[in-house]
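See structure below.
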Amino acid sequence: MDEISPPRPKDFIRQIVADDLASNKHQGRVVTRFPPEPNGYLHIGHAKSICLNFGVANENGGVCHLRFDDTNPTKEEVEYVESIKSDVRWLGFDWGDHLFYASDYFDQLYAYAVMLIKSGKAYVCSLPPEKIREYRGTLKEPGKDSPYRERSVDENLDLFERMKAGEFENGAHVLRAKIDMASPNITMRDPVIYRILKKSHHRTGDKWCIYPMYDFTHCLSDSIEGVTHSLCTLEFQDNRALYDWVLENLPVKCQPRQYEFARLNLTNTIMSKRLLLKLVQDGLVDGWDDPRMPTLSGLRRRGYTPKAIRNFCERIGLAKKNSEVDIALLEHCIRVDLNERAHRVMAVLRPLKVIIDNYPEDRTEDLVFQNHPEDTAMGTRMVPFSRELYIEQDDFRMDPPKKFFRLAPGREVRLRYAYYITCVNVEKDEKTGEILAIHCTYDPETKGGSSPDGRKVKGTIHWVSAAHALEAKVRLYDHLMNKPDKDAKEEVGFADLLNKNSLEVLDVCRVEPSLKDADPGTKVQFERLGYFNVDPIDSSPGKPVFNRIVSLRDTWAKIEKAQKSK
RNA sequence: UGGGGGAUCGUAUAGGGGUAAUACGACGGGUUCUGGCCCCGUUAACCGAGGUUCGAAUCCUCGUCCCCCAGCCA
């Protein structure tokens, strides 16, 4: 019998959904929604919400709607709508026919607002913005009633109608719910539900000059769509009272329930739309899809796969506690995915010339390489070998430290899938002492990488044939932000946190010739180095540019670091 | 301190009265034609004080600390 691993314990949201299903609370339906505002690009934090909402629906035979919360035309653009749709699709989710826009409901929303006025539960307030703020009170002190609070239903109806007709300027009047100016929950102190915004909307054009506020729109949109579980982040906990109030005071068909979970925070990462925008605007990154950005478009360009991101979102868990996930987990997830799927190839990032003295000058051999050492189904390929090669500068030391298993004067190592070579001489610039080339001899008996006499070599290094290698540009990415020092005496600002070394461009790397025509978006493992993506934008035919997605775990680097700190 | 929330290994999550578990990380070892992958092991936590109970991370009481709310943003 197969071992069945125990199912991962359900998070609190999934427990609620399961309980509701068990008690038949929503007649067996599960309807969720992912409700982005089209005012920016999606990032890894949104991925958490997307995976949750679509995940919960998919797991329970339900549906998840994609609904744009487009109630503020001053901030929203079609460009964002399109990028959001393609990012959600890329992540691997399908909303089917369930694509909605809050703006589709503007007529209904207006009608609902009129109902509220008629039942005496909403009024037009003509206080200017700063007075509204003043009347709202503070955290400790209750607010006081607006002088316009007791306007007659007829006057309210007339004014609201005229607001809609465009008779007033921005800010002249607003429609407010009449709830309780003394409520300890500030959200309930007669919240504004409609405001005048003389701005054309990316979907409704100039039809409207009044637009509903989030609190009024969201719950009603959920209700109109028959959403059962409305999942949002923690900062909306106070808003839930208003969400429920609106639905309870209007003749709606169904009452969805709102549940809140903690948003994702990641170490070494900023997630705020404002700061992300600042990075772009200040030219600190290359754009929204800079491979260092936590945006889905940035991660995609970096080379992260949807599968890895989904897996990550599954593993971070879900709770109501504010937390910060270690970015090492994200990196772990992409390594797991690519370890399984990426072809292994040879690339030398910082080339050091090696000359095999006893290898014929005019000879070239094609050697057999595994595309994936653990998956023979991925096949083999031929890689040329010749007298002059490049190896990694890091793989040679004049004076090897302890535990250094690579090449050094007199040492023998294996060239992966090729021959054993022994370093016999080092060519240096007489003036600067710079190493120009390494002279080695090879053992013809070790072709393919193993010796008939069974002798062992400690190290295996990667290489490319100098004459055959392709010159390529490679970008090494590191975390965009440094981790804040918890022991720091003073609060450090955004600028101090920026990692100045988040990008290193290597212009003259040498990669094996098979990479010449790699398609944009191809993900490979440069053996012993890391996983790399063929940049979809800067690569051109025959001239791939590689983005490092993530390095391989590097045990030697740790050993060396430990040695140096002694 | 008006209201709403939250506190479990370094980090993120399980555990809903009965042996505090899993993953990432860190550390050590095995294996190895990648110092990768894989395998094994070690490390390490219930915010505090009372109470209820044979037994409390879990239930109760009182504290402490952290987060959110005073947009005509979402």
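Letters A, B, ... mirror the listed sequences (proteins, then strands); counts begin at 1.
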Can you tell me the base-pairing partner of [N]? Count Watson-Crick or G-U wobble geometry only, both distances below 3.5 Å, and say none if there is no partner.
N	value
B:rG16	none
B:rC65	B:rG6
B:rU1	none
B:rU34	none
B:rA56	none
B:rC27	B:rG41

Base, sugar-phosphate, or nothing: which does [X] touch, judged by heavy atoms less than 4.0 Å apart?
X	answer
A:Q525	base
A:L234	nothing
A:M188	nothing
A:R414	base
A:R335	nothing
A:N339	base
A:F526	nothing
A:P142	nothing
A:N239	base
A:E392	nothing
A:T71	sugar-phosphate

Let me know the distance between [atom1] of [X] and [atom2] of [N], rounded to the nearest Å.
X	N	atom1	atom2	value
A:Y123	B:rC72	OH	P	12 Å
A:L529	B:rG35	CG	P	10 Å
A:H201	B:rC73	NE2	P	14 Å
A:H332	B:rG36	NE2	P	15 Å
A:R189	B:rC72	CZ	P	13 Å
A:D11	B:rG16	CG	P	16 Å
A:N371	B:rU34	CG	P	16 Å
A:N322	B:rG6	CG	P	11 Å

Could you measure between the two P atoms, the one in B:rG63 and the one in B:rA44, and give it in whole Å?
35 Å
Could you please name the option among [options] that lies closest to any side-chain atom of [X]?
X	options	answer
A:S323	B:rG35, B:rG5, B:rU13	B:rU13
A:D238	B:rG4, B:rU34, B:rA74	B:rG4
A:R315	B:rA23, B:rG25, B:rA7	B:rA23
A:T138	B:rA70, B:rG3, B:rG5	B:rA70
A:R553	B:rG35, B:rC37, B:rA74	B:rC37
A:R416	B:rC67, B:rC73, B:rU34	B:rU34
A:N72	B:rC73, B:rG6, B:rU34	B:rC73
A:K75	B:rG35, B:rC73, B:rC24	B:rC73
A:L329	B:rC72, B:rU11, B:rA23	B:rA23
A:K321	B:rC68, B:rU8, B:rG35	B:rU8

Just to confirm, is there a sub-4.0 Å distance from OP1 or OP2 of [N] to any side-chain nitrogen or oxygen of [X]?
X	N	answer
A:T267	B:rU11	no
A:K558	B:rG35	no
A:R528	B:rU32	no
A:R195	B:rG71	no
A:R133	B:rC72	no

Pairwise 5' ranking along RNA chain B for A:A319 and A:G459, keeping only the more 5' one
A:A319
RNA chain B: 5'-proximal contact among A:R240 and A:E374 (nearest heavy atom):
A:R240
Around A:E169, counting heavy atoms of other residues, nucleotides and ligands shown, do more than 12 lie under 6.0 Å from its CD?
no
A:I309 and A:I44: side-chain contact (heavy atoms from CB on, under 4.5 Å), yes or no, with the steps?
CA-CA 8 Å; A:I309 294 173; A:I44 182 85; 3.8 Å; yes
May I ask you to decide whether A:R406 forms a salt bridge with A:D394, counting only side-chain N to carboxylate O separations under 4.0 Å?
no
